[in-house]
K.L.:
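Following this message is one structure expressed as structure tokens.
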Amino acid sequence: MTRKQRFQYVIDYFLHHAPDAETELLYDNPYQLLVAVILSAQCTDKRVNMTTPAIFEKYPDADSLSKATFDELFPFIRSISYPNNKTKHLIGMAKMLQEQFNGEVPLTVEELVQLPGVGRKTANVITSVVDQQPNMAVDTHVFRVSARIGLTLNAKTPLATEKQLIQHIPKELIHIAHHWLILHGRYVCVARNPKCEKCGITAVCKYYQKNVAVKK
DNA sequence: ATCCCGAGGG
DNA sequence: CCCTCTGGAT
């Protein structure tokens with residue numbers, strides 16, 4: 001099977017089985033999505049969603065969040081990974097939104113990565129989810145799943161994974177393909193003991209063929 | 001002990 | 001490239 005055929009098989013499968021895949025983070029506008037994605041670093045979406053409603057109620061926009069003090073905001077974030085960093089990042093991010101972007105979330109990767117707490121992955125999430133830009137955010141799930149299936153070849157960094165995926169996935173499908181890989185990684189192709197018996201694409205999966213199929 | 005939609009700094 | 005940040009779930 002060629003690499004092109006592998007991509008085609010995977011795309012066809014998810015187009016049929018997950019045509020409406022989308023983020024599981026709770027949000028109502030770009031500002032809320034940005035806050036949620038910053039909080040999601042090394043933390044499950046489920047746990048982020050437990051904290052964001054209270055944050056959005058007290059800090060409904062960049063203006064109110066920019067005026068928060070560390071001690072006011074910290075308790076909301078305390079039970080998430082890296083609460084110190086994330087509290088600082090959120091306030092700093094909101095201040096820069098106010099000072100440089102009229103309180104609105106910019107929708108280019110170049111502008112987004114200037115914000116405290118926003119790196120390439122977060123910028124790709126915002127621009128692809130809010131604006132359907134053909135940017136591929138590579139998180140731990142996308143990285144792992146792509147490597148296992150064989151969508152990526154010898155990709156050792158998230159950036160390498162991003163470039164290979166963008167090269168092989170049609171532009172108009174990149175933003176949804178991100179969610180296909182995320183959700184597949186979260187519920188089926190999990191890090192430890194992947195649930196290959198539940199997986200619909202083992203026929204083209206390098207990991208399955210190497211580690212599972214041979215033992216049967 | 002390992003993992004979760006990483007970012008910043010050295 | 002490396003390291004640190006750092007809590008909860010499994």
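Every chain is numbered from 1 and lettered A, B, ... according to where its sequence line falls, protein lines coming before strand lines.
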K.L.:
Salt bridge check, Lys58(A) against Glu72(A): does any charged N sit closer than 4.0 Å to a carboxylate O?
P.N.:
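A salt bridge is absent here (no side-chain N lies under 4.0 Å from a carboxylate O).
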
K.L.:
So what does Arg186(A) hit on the nucleic acid, given a heavy-atom distance under 4.0 Å: a base, only sugar-phosphate, or nothing?
P.N.:
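Since a base atom lies under 4.0 Å of Arg186(A), the category is base.
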
K.L.:
Find which nucleotide of DNA chain C each of Pro83(A) and Thr157(A) is nearest to by heavy atoms, and output the residue with the more 5' nucleotide.
P.N.:
Thr157(A)

K.L.:
In whole Å, what separates the C1' atom of dG8(C) from that of dG8(B)?
P.N.:
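So the two C1' atoms sit 23 Å from each other.
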
K.L.:
Is Tyr82(A) stacked on the base of dG7(C), meaning ring centres closer than 5.5 Å and planes within 30 degrees of each other?
P.N.:
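So no, this residue does not stack on that base, at least one cut-off failing.
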
K.L.:
What is the distance, to the nearest angstrom, from the CE atom on Met50(A) to the C1' atom on dC4(B)?
P.N.:
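Result: 14 Å.
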
K.L.:
Give one of base, sugar-phosphate or nothing for Val138(A), where a contact means two heavy atoms less than 4.0 Å apart.
P.N.:
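Counting heavy atoms under 4.0 Å across all strands, no contact is made by Val138(A).
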
K.L.:
Quick one: on DNA chain C, does Arg192(A) or Thr44(A) contact a more 5' nucleotide (nearest heavy atom)?
P.N.:
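It is Thr44(A) whose nearest nucleotide is closer to the 5' end.
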
K.L.:
Heavy-atom nearest nucleotide on DNA chain B for Ala123(A) versus Thr140(A): which residue maps closer to 5'?
P.N.:
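First, find each residue's nearest nucleotide; the 5'-ward one identifies Thr140(A).
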
K.L.:
Can you figure out which of dG6(B), dA9(C), dG7(C) approaches the side chain of Arg47(A) most closely?
P.N.:
dA9(C)

K.L.:
Are Asn135(A) and Thr127(A) close enough that a side-chain donor and a side-chain acceptor fall under 3.5 Å?
P.N.:
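Yes - a donor-acceptor pair under 3.5 Å links their side chains.
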
K.L.:
Can you say whether a donor on the side chain of Thr23(A) sits under 3.5 Å from an acceptor on the base of dC5(B), or the other way round?
P.N.:
yes

K.L.:
Can you check the Arg144(A) CZ to dT2(B) P distance for me, whole Å?
P.N.:
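From Arg144(A) CZ to dT2(B) P: 15 Å.
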
K.L.:
Calculate the interatomic distance between Glu162(A) atom CD and dG6(B) atom C1'; express it in whole Å.
P.N.:
14 Å

K.L.:
Tell me what Ile77(A) touches on the nucleic acid: a base, only sugar-phosphate, or nothing, going by heavy atoms under 4.0 Å.
P.N.:
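No contact at all - Ile77(A) keeps every heavy atom at 4.0 Å or more from the nucleic acid.
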
K.L.:
Of the options Asn124(A), Val118(A), Thr122(A), Val125(A), which is the one that meets Leu112(A) in a side-chain contact (heavy atoms from CB on, under 4.5 Å)?
P.N.:
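So, applying the side-chain contact (heavy atoms from CB on, under 4.5 Å) to Leu112(A) and each of Asn124(A), Val118(A), Thr122(A), Val125(A), only Val118(A) qualifies.
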
K.L.:
Please state the C1' separation for the pair dC2(C) and dC5(B) - nearest whole angstrom.
P.N.:
23 Å

K.L.:
Is the distance from the ring center of Phe14(A) to that of His184(A) below 6.0 Å?
P.N.:
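Distance test on ring centres: under 6.0 Å, yes.
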
